[in-house]
Undergrad: 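Here it is, the structure, as structure tokens.
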Amino acid sequence: MGSKDQGGGAASSGGGFFSSFAAGMRTWGTAVHKSVNGLLGYEGLEVINPDGGSDDAEEEALRGRWKQEDRDSYWKMMHKYIGSDVTSLVTLPVIIFEPMTMLQKMAELMEYCELLDKADECEDPYMRMAYAAAWAVSVYFAFQRTWKPFNPILGETYEMVNHQGITFLAEQVSHHPPMGVAHCENEHFTYDITSKLKTKFLGNSVEVYPVGRAGRYEVDGYVYSAQEEPKIMITGKWNTSMSCQPCDQEGEPLPGTELKEIWRLAPTPKNDKYQYTHFAHKINSFDTAPKKLLPSDSRLRPDRYALEMGDMSKSSSEKSRLEEQQRAEKRVREAKGEQFTPKWFNLTDAVSPTPWGDLEVYEYNGKYTEHRAAIDSSNVADETDITSIEFNPWQYGSSSSQ
């Protein structure tokens with residue numbers, strides 16, 4: 001893992017920290033002080049048992065909601081999907097899903113965003129990069145789950161507040177291919193992300209593709225100067241903790257210095273049905289929702305909520321209903337000769353190259369900040385029961401499904 005301070009001193013104000021999370025991490029653009037531009041286009045990660053081997057494969061298969069008596073029938077049901085790009089299929093059974101959408105999964109990147117706060121507050125440019133690198137590694141833990149998130153409906157959003165002072169907003173801007181974009185900020189940093197999903201069901205696994213791929217638990221590397229000299233050694237495990245220590249030009253620890261822990265995995269719930277962290281549960285909770293939540297928010301999806309409550313039959317029927325309504329919207333849009341236009345993000349002329357093809361880049365248009373400021377400054381009490389809000393991401397209203 002290598003990270004270089006391109007400025008040689010204080011980081012500049014443009015560019016971003018990383019474009020890929022791999023066995024090694026490379027800087028993407030210029031290291032920044034107040035802004036982190038993230039790129040997560042799920043293209044190239046096969047979700048595997050991080051311990052390697054297959055000794056515990058049967059035990060893993062029996063975890064969660066997979067009952068022994070149902071496994072044969074599930075296999076017969078899923079066999080027809082082998083080799084297919086699951087984002088292009090008409091429908092998928094909810095048995096392989098977790099009660100979270102991809103927009104919400106994007107928000108999981110923010111669990112340890114206090115590391116970016118520390119990076120901003122740090123005067124040492126090399127330690128600043130060490131904190132940023134530790135944050136980049138911390139996201140691996142959330143992506144080891146093998147459940148498939150729900151594909152967001154076109155126009156669906158996700159908002160999150162009440163976590164480390166951040167305001168997070170994500171919006172689904174394309175259905176084929178599925179693309180979501182997000183903007184997150186607090187007083188210390190601004191983070192923008194574009195996510196493009198491609199998955200393939202292989203029978204014994206589901207491939208999900210982020211830029212780069214995780215190795216096994218161990219992570220080792222250095223923060224380099226602009227002269228490509230190692231300054232800080234970073235070591236640890238992405239499922240436990242990360243530490244750092246100043247080093248000499250040979251990469252050896254400097255005499256008189258000690259290894260300093262800079263990140264540790266928070267305690268996780270035991271025997272959780274979906275292997276969720278406490279933060280993942282907060283993402284589904286209305287406790288992290290702002291007042292006057294947008295009706296297009298992922299929390300309000302009836303299929304997602306039904307699965308969270310353990311009602312697979314209702315989840316499946318609601319999922320089919322939403323998918324049919326989305327197809328009806330597409331027919332109306334095509335009949336009118338119109339195109340879908342995102343509300344909170346604008347498509348730019350920029351294209352970001354990835355090993356799997358070019359990725360369109362969207363930018364935050366600032367309208368949500370104005371929207372939220374108007375709500376927060378209003379003196380009118382909002383007594384609406386958030387849980388009673390009907391999910392509505394539709395461009396033409398619910399009548400489009402008629």
Side-chain angles (χ1 to χ4, degrees), residues 1-3 16-28 36 38-53 56 60 63 98 100 104-119 127-147 149 163-164 191 193 195 205-224 232-245 247 251 259-270 272 274-283:
M1 177 178 70
S3 301
F17 280 120
F18 302 104
S19 64
S20 66
F21 305 136
M25 286 189 298
R26 301 170 301 194
T27 39
W28 174 54
V36 182
L39 174 63
L40 186 65
Y42 291 86
E43 301 272 353
L45 176 64
E46 180 183 2
V47 181
I48 59 174
N49 175 2
D51 285 326
D56 61 348
E60 288 294 316
R63 292 180 65 183
E98 63 177 320
M100 181 181 288
Q104 292 173 289
K105 202 164 182 70
M106 291 164 67
E108 278 198 88
L109 295 173
M110 293 295 107
E111 177 165 7
Y112 298 100
C113 64
E114 70 273 9
L115 291 168
L116 297 180
D117 295 349
K118 291 179 179 179
M127 274 304 302
R128 184 181 305 140
M129 291 302 297
Y131 281 122
W135 169 78
V137 171
S138 74
V139 307
Y140 278 134
F141 191 82
F143 289 105
Q144 68 177 330
R145 298 196 304 270
T146 56
W147 306 112
H163 175 70
Q164 299 294 334
Y191 181 90
I193 180 172
S195 173
S205 66
V206 175
E207 286 188 347
V208 183
Y209 298 98
V211 173
R213 66 178 295 159
R216 300 185 181 181
Y217 297 131
E218 294 81 7
V219 179
D220 297 285
Y222 297 91
V223 175
Y224 291 89
I232 294 180
M233 174 185 68
I234 304 176
T235 185
K237 295 183 177 181
W238 57 259
N239 68 330
T240 307
S241 65
M242 294 295 297
S243 299
C244 68
Q245 186 171 3
C247 63
L259 201 62
K260 174 185 177 183
E261 183 177 278
I262 54 176
W263 169 76
R264 174 166 289 278
L265 183 74
T268 58
K270 293 183 178 180
D272 190 84
Y274 296 100
Q275 295 86 54
Y276 275 8
T277 63
H278 290 293
F279 182 68
H281 284 290
K282 285 179 62 178
I283 287 175

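Below, all heavy atoms of this structure are taken into account, side chains as well, without hydrogens, waters or symmetry copies.
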Undergrad: How many angstroms lie between atom CD of E218 and atom CG of N239, to the nearest 0.5 angstrom?
TA: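 Between atom CD of E218 and atom CG of N239 there are 8.5 Å.
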Undergrad: Can you name the closest pair of heavy atoms from A132 and A119 and give their distance?
TA: N-CB, 4.5 Å
Undergrad: Residues two or more places apart in sequence or in another chain: which of them pass side-chain hydrogen bond (donor to acceptor under 3.5 Å, both in side chains) with E261?
TA: R264
Undergrad: So, using side-chain contact (heavy atoms from CB on, under 4.5 Å) as the criterion, who are the partners of C247 when residues are at least two apart?
TA: Y222, P230, M233
Undergrad: Among all residues two or more places apart in sequence or in another chain, which pass the side-chain contact (heavy atoms from CB on, under 4.5 Å) test with H281?
TA: P269, D272, Y276
Undergrad: At what distance, to the nearest 0.5 angstrom, does CD of Q245 lie from OG1 of T235?
TA: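 That separation rounds to 10.0 Å.
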Undergrad: Rounded to the nearest 0.5 Å, what's the gap from CE on M110 to CD1 on I193? Could you check?
TA: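 Reported value, rounded in 0.5 Å steps: 7.0 Å.
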Undergrad: Mark yes or no for whether Y112, through its side chain, and A266, through its backbone, hold a donor-acceptor pair below 3.5 Å.
TA: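 Yes, the answer is positive, given that a donor and an acceptor are paired below the 3.5 Å cut-off.
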Undergrad: Minimum heavy-atom separation for E98 to W147, with atom names?
TA: CB-CB, 3.4 Å
Undergrad: Ignoring hydrogens, what is the shortest heavy-atom contact between S243 and L259? Give both atom names and the distance.
TA: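 Shortest heavy-atom separation between S243 and L259 comes out as CB-CG, 3.6 Å.
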Undergrad: Only counting residues at least two apart or in another chain, list the ones meeting side-chain contact (heavy atoms from CB on, under 4.5 Å) with K118.
TA: Y131
Undergrad: To check you understand the geometry: which heavy-atom pair defines the closest contact between C244 and I232, and what is its length?
TA: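 Shortest heavy-atom contact: CB-CG2, 3.7 Å.
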Undergrad: Just so I know, are the side chains of V223 and I234 near enough to count as touching, which here means a heavy-atom distance under 4.5 Å?
TA: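 A side-chain contact under 4.5 Å exists here.
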Undergrad: Under the rule for side-chain contact (heavy atoms from CB on, under 4.5 Å), what residues qualify as partners of T277, not counting sequence neighbours?
TA: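 In terms of side-chain contact (heavy atoms from CB on, under 4.5 Å), with neighbours along the sequence ignored, T277 is linked to E108, E111, F141, T268, F279, A280.
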Undergrad: Taking all non-hydrogen atoms of both residues into account, name the closest pair between L115 and A134 and its distance.
TA: CD1-C, 3.8 Å
Undergrad: Would you say that K105 contacts F143 through its side chain, given a criterion of any heavy-atom pair below 4.5 Å between the two side chains?
TA: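 The answer is yes; the side chains approach within 4.5 Å.
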Undergrad: Quick one: pull up CE in M242 and CG in L265 and give me the separation to the nearest 0.5 Å.
TA: 12.5 Å
Undergrad: Can you tell me how far apart OH (Y274) and OG1 (T146) are? Round to the nearest 0.5 Å.
TA: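 With rounding to 0.5 Å, OH (Y274) is 12.0 Å from OG1 (T146).
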Undergrad: Go through the structure and list residues passing salt bridge (Lys or Arg N to Asp or Glu O under 4.0 Å) with E114, not counting sequence neighbours.
TA: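 Testing E114 for salt bridge (Lys or Arg N to Asp or Glu O under 4.0 Å), a comparison that skips the adjacent residues, returns none.
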Undergrad: Would you mind telling me which of Y191, Y140, W238 makes a ring-ring contact (aromatic ring centres under 6.0 Å, His included) with W135?
TA: Y191
